[in-house]
Amino acid sequence: MEKKPFNPAYRPPRPQGNNGPRQPQRRNDRNNNAPNAINEHIRAREVRMVGDNVTPGIYTIQEARRIAEELELDLVEISPTADPPVCKVLDYQKYLYQQKKKAKEIKAKATKVVVKEIRFGPQTDDHDYNFKLKHAVGFLQEGAKVKAYVFFKGRSILFKEQGEVLLLRFANDLEDYGKVEQMPVLEGKRMIIMLSPKKK
């Protein structure tokens, strides 16, 4: 069999199946990190424009982009499912920052639970008791939870019933401001009761 001369410039053709050359991917309508379609990524032919700095109405996409460019702002699709889609002219980076800030504030309010501790002795006198009761009222009004406990030192553990009575009295005196979340329970040398603020 006759051998063909070697040609260093020759490259065998690539198979055009699954292993064939990659086709360039079409760029998505939105920026990778952007939750909204903006500017040239908006595909609608017509859009409804709203906002403080434009005359509300339906515009062709070319007109809408031109208005945004003249104002040196972005055309942002805020309601893509509407017919036609609703767009707003604004500073998109500033808009994203404000949205993130708002979401962060909502999350902080939802997850942040402040617990204030109030300590008693098993034989707390009325003056000390009333002083701590006043503090507890303030904490509950501010929206914080109150963890009140009686600390038993040494042989004072013999007075645990007295400590329980004190905590139940404390909860009763606070019934207009908070509700009992956990009844008195002994944990080591401490008897604890938990109160949460009443919803306004």
Side-chain angles (χ1 to χ4, degrees), residues 30-38 50-54 56 73-74 76-82 85-200:
R30 302 182 182 189
N31 293 340
N32 289 338
N33 299 322
N36 306 84
I38 62 170
V50 296
D52 301 329
N53 43 10
V54 298
L73 294 169
D74 299 299
V76 181
E77 190 178 56
I78 58 171
S79 184
T81 55
V86 180
C87 292
K88 205 168 187 177
V89 176
L90 45 81
D91 182 334
Y92 192 54
Q93 291 305 316
K94 188 177 178 182
Y95 170 77
L96 284 181
Y97 171 76
Q98 288 171 343
Q99 292 296 102
K100 283 181 184 176
K101 189 178 177 184
K102 198 181 288 183
K104 198 174 179 181
E105 285 172 0
I106 291 168
K107 189 179 178 182
K109 284 179 183 176
T111 58
K112 193 176 180 181
V113 178
V114 178
V115 179
K116 299 286 188 177
E117 291 192 356
I118 292 179
R119 172 177 166 164
F120 292 102
Q123 295 175 317
T124 301
D125 61 46
D126 285 345
H127 179 268
D128 193 28
Y129 174 85
N130 289 327
F131 178 76
K132 289 176 179 179
L133 182 69
K134 189 178 177 182
H135 273 286
V137 169
F139 295 147
L140 290 167
Q141 286 179 328
E142 289 168 7
K145 288 187 178 185
V146 171
K147 181 181 183 179
Y149 64 92
V150 179
F151 182 75
F152 299 101
K153 190 175 179 182
R155 291 176 62 83
S156 67
I157 193 71
L158 298 170
F159 299 102
K160 63 181 180 182
E161 289 83 5
Q162 197 171 327
E164 185 176 3
V165 170
L166 186 148
L167 290 176
L168 290 172
R169 174 192 169 195
F170 186 68
N172 188 60
D173 290 342
L174 290 168
E175 65 179 350
D176 291 338
Y177 308 96
K179 59 182 179 180
V180 177
E181 199 173 90
Q182 176 191 295
M183 292 297 283
V185 60
L186 189 65
E187 293 181 5
K189 293 183 178 182
R190 300 194 305 175
M191 182 170 282
I192 300 164
I193 193 169
M194 284 290 293
L195 297 144
S196 57
K198 279 189 174 178
K199 290 182 180 179
K200 296 177 182 178

Report task. Not counting sequence neighbours, which residues clear side chain to side chain contact (heavy atoms under 4.5 Å, CB included) with Pro184? List them please. Result -> Glu164, Leu167, Leu168, Met191, Ile193
Query raised in the report: Can you check side chain to side chain contact (heavy atoms under 4.5 Å, CB included) on Lys189 and Lys153, steps first, answer last?
Result: CA-CA 7 Å; Lys189 293 183 178 182; Lys153 190 175 179 182; over 6 Å; no
Report summary line: Residue pairs passing the salt bridge (Lys or Arg N to Asp or Glu O under 4.0 Å) test with at least one member in residues 85-94, sequence neighbours excluded, are none
Report summary line: Rounded to the nearest 0.5 Å, the NE2 atom of His135 sits from the CG atom of Leu140 at a distance of 13.0 Å
Query raised in the report: Would a 4.5 Å heavy-atom cut-off, applied to side chains only, mark Leu73 and Leu90 as touching?
Result: no
Query raised in the report: Under the side chain to side chain contact (heavy atoms under 4.5 Å, CB included) test, which residues partner Lys132, sequence neighbours left out?
Result: Ile118, Phe120, Asp128
Query raised in the report: Does the gap between the ring centers of Phe131 and His127 come in under 6.0 Å?
Result: no
Query raised in the report: Between Lys198 (side chain) and Glu175 (backbone), is there a donor-acceptor pair under 3.5 Å?
Result: yes
Query - Ring-face cation contact, Phe151 with Arg190, 6.0 Å cut, 45° max - result: no
Requested in this report: Please name all residues satisfying ring-ring contact (aromatic ring centres under 6.0 Å, His included) with Tyr177, sequence neighbours left out, ordered by chain then number.
Outcome: none
**Report entry** Val137 vs Phe139 side-chain heavy atoms within contact, under 4.5 Å
**Finding:** no
Report summary line: All heavy atoms of Glu77 vs all of Asn36, minimum pair found to be O-ND2, 3.1 Å
Requested in this report: Give the C-alpha distance, both sets of side-chain angles, the deciding distance and a yes or no for side chain to side chain contact (heavy atoms under 4.5 Å, CB included) between Tyr129 and Asp173.
Outcome: CA-CA 11 Å; Tyr129 174 85; Asp173 290 342; 2.6 Å; yes
Query raised in the report: Under the side chain to side chain donor-acceptor pair (under 3.5 Å) test, which residues partner Tyr97, sequence neighbours left out?
Result: none
**Report entry** Reported CG-to-CG distance for the pair Asn130 and Asp125, which is rounded to 0.5 angstrom
**Finding:** 9.0 Å
Requested in this report: Measure the SG-CG distance between Cys87 and Asp74 for me, rounded to the nearest 0.5 Å.
Outcome: 11.5 Å
**Report entry** Rounded distance (nearest 0.5 Å) linking atom NZ of Lys145 with atom CD of Glu117
**Finding:** 13.5 Å
Report task. Measure across Ala144 and Pro197 and return the closest heavy-atom pair with its distance rounded to 0.1 Å. Result -> O-CD, 3.5 Å
Query - Test log, rule side chain to side chain contact (heavy atoms under 4.5 Å, CB included), inputs Asn172 and Phe170 - result: CA-CA 5 Å; Asn172 188 60; Phe170 186 68; over 6 Å; no
Query raised in the report: Which distance, rounded to the nearest 0.5 Å, do you find between the CG of Leu195 and the NZ of Lys147?
Result: 12.5 Å
Query - Spacing of NZ belonging to Lys101 relative to NZ belonging to Lys104, to within rounding of 0.5 Å - result: 10.0 Å
Query raised in the report: Can you name the residues that form a side chain to side chain contact (heavy atoms under 4.5 Å, CB included) with Gln99, not counting sequence neighbours?
Result: Tyr95, Lys102
Query - Smallest separation among heavy atoms of Ala136 and Leu174, with atom names - result: CB-CD1, 3.9 Å
